[in-house]
Number of protein chains: 2
Amino acid sequence: MSRQKEIILDVLRKVRTHPTADEILLMARRRVPALALGTVYRNLKLLCDEKKVRRIPMEDAPDRYDGFLEPHDHLVCLDCGKVYDIPSLQTKEALEAKLGTEVRDYEMKVYFICPNCRREDKDGFGSPD
Amino acid sequence: MSRQKEIILDVLRKVRTHPTADEILLMARRRVPALALGTVYRNLKLLCDEKKVRRIPMEDAPDRYDGFLEPHDHLVCLDCGKVYDIPSLQTKEALEAKLGTEVRDYEMKVYFICPNCRREDKDGFGSPD
DNA sequence: CATAGAAATGATAATCATTCCTATTTTATG
DNA sequence: CATAAAATAGGAATGATTATCATTTCTATG
């Protein structure tokens, strides 16, 4: 494993959020200042293939990455885009039983307005960026 | 509703697949030859806002659109990309109960290898494009 | 019917996340 | 140390989707 790949994985494991490739770049550059965005993307893809990292594809925003591997789903705020972990609502086995086919993978995303954004909506002010 | 918007909706309602914007363009052009791709995208967005059409965001391919509105989830072949309808595995109400929050929307996608592609994999040949 | 204002269109340019390319650097190995 | 293989940095390319804008099409009204 190259130095940059190790650092990218380490960054993802230490953080409790679900950062984008750009955010990972910024964090990792504290340790490898010359790190390139392409390298981040390449290694994230490798790490996903090795099942050491999970990609969270976003519908209208850059994808997020997740270093937490226990099965879980995601709750996404439609307002601020923040991603929360929630316990898995299905198992692969249950899906296979219900569908009668082998299942390779599945993806569940629930959308809501997070408490912060709900509060802001009430008084009519958003947060300043 | 403009002529092109009506035709786009009609195309989506008549078809049993889950076409991309490009495919919708081709089908709709049989009736409006000068139709522009931008117009297709603009109207698809409007139709989604009006809840007359559902967008199926795809992870590594152009998004699909669905004119079938009964709640259902999607089963996607990792090989050929074909999208199948499956009965909903959750209800919004069940999710809200489980999560203890208001839920705006949710998205469930299950990945598998469809029977066709499984067969092709066996003999080691894919279909000729 | 004429027509003014509004809304939608077609064509094309712009955006932006992600991937690709390549010359260079790093790493592993005998 | 020499060398081949692998990975990198940096920048260009890709491709789906949006934005822009001049022109066309509706629509309502007198």
Side-chain angles (χ1 to χ4, degrees), chain A residues 1-12 17-50 52-66 74 76 78 80-83 107 109 129, chain B residues 1-12 17-50 52-66 74 76 78 81 83 107 109 129:
Chain A
M1 235 203 242
S2 74
R3 187 167 145 60
Q4 14 291 75
K5 190 173 172 188
E6 266 181 296
I7 287 171
I8 287 165
L9 178 56
D10 189 60
V11 158
L12 262 175
T17 59
H18 306 80
T20 63
D22 261 302
E23 290 163 350
I24 293 166
L25 177 68
L26 289 180
M27 296 187 276
R29 269 191 176 161
R30 294 201 286 253
R31 294 197 254 164
V32 192
L35 185 63
L37 183 57
T39 303
V40 173
Y41 273 109
R42 184 162 24 77
N43 282 307
L44 283 172
K45 183 168 292 181
L46 293 172
L47 289 165
C48 285
D49 290 348
E50 299 163 20
K52 296 199 175 106
V53 156
R54 210 171 125 188
R55 175 166 66 123
I56 314 171
M58 289 288 148
E59 306 200 352
D60 295 291
D63 293 346
R64 309 300 196 85
Y65 293 87
D66 194 340
H74 293 110
V76 183
L78 286 166
C80 65
K82 208 169 176 183
V83 175
E107 233 259 311
K109 238 178 290 132
D129 260 356
Chain B
M1 233 203 244
S2 73
R3 186 168 146 59
Q4 15 288 79
K5 191 173 171 189
E6 267 182 295
I7 287 172
I8 287 165
L9 178 56
D10 188 60
V11 158
L12 261 175
T17 60
H18 305 80
T20 63
D22 261 303
E23 291 164 349
I24 293 166
L25 177 68
L26 289 181
M27 294 188 276
R29 270 190 175 162
R30 292 202 286 253
R31 292 196 256 164
V32 191
L35 185 63
L37 182 57
T39 302
V40 173
Y41 273 110
R42 183 162 24 77
N43 282 308
L44 283 172
K45 182 169 293 180
L46 294 172
L47 290 165
C48 285
D49 290 348
E50 299 164 20
K52 295 200 179 105
V53 156
R54 209 171 126 189
R55 176 165 68 121
I56 313 172
M58 289 287 149
E59 307 201 352
D60 296 292
D63 292 345
R64 310 298 197 87
Y65 293 87
D66 195 340
H74 292 111
V76 183
L78 285 166
V83 175
E107 234 259 312
K109 236 177 292 132
D129 258 358

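We name chains A, B, ... by the order of the sequence lines, and we start the count at 1 in each one.
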Give the nucleotide from the list C:dA11, C:dA8, C:dT19 with an atom nearest to the side chain of A:Lys45. C:dT19

Proximity to the side chain of B:Ala34 - top-ranked nucleotide from C:dT18, D:dT18, C:dG10: C:dG10

Report the distance from atom [atom1] of [X] to atom [atom2] of [N], rounded to the nearest whole Å.
X	N	atom1	atom2	value
A:Leu37	C:dA17	CG	P	10 Å
B:Arg3	D:dT24	CZ	C1'	15 Å
B:Lys5	C:dA7	NZ	C1'	11 Å
A:Arg64	C:dA17	CZ	P	12 Å
B:Leu35	C:dA11	CG	C1'	12 Å
A:Asp60	C:dA17	CG	P	12 Å
B:Leu47	C:dA8	CG	C1'	14 Å
B:Asn43	D:dT18	CG	C1'	14 Å

A:Leu47, A:Leu44, A:Asp66 screened by side-chain contact (heavy atoms from CB on, under 4.5 Å) with A:Leu12, the one that passes: A:Leu44

Heavy atoms only: give me the nearest A:Leu37-A:Leu25 pair and the separation to one decimal. N-CD1, 3.9 Å

Correct closest heavy-atom pair for A:Tyr41 and A:Ala21 would be CZ-CB, 3.5 Å

Establish, with yes or no, whether the OP1 or OP2 oxygen of [N] is under 4.0 angstrom from a side-chain nitrogen or oxygen of [X].
X	N	value
A:Arg42	C:dT19	no
B:Ser2	D:dT25	no
B:Tyr41	D:dT17	yes
A:Gln4	C:dT26	no
A:Thr39	D:dA9	yes

Any side-chain to backbone donor/acceptor pair from A:His18 onto A:Val83? Under 3.5 Å, distance only. yes

4.5 Å side-chain heavy-atom contact, A:Thr39 and A:Arg42: yes

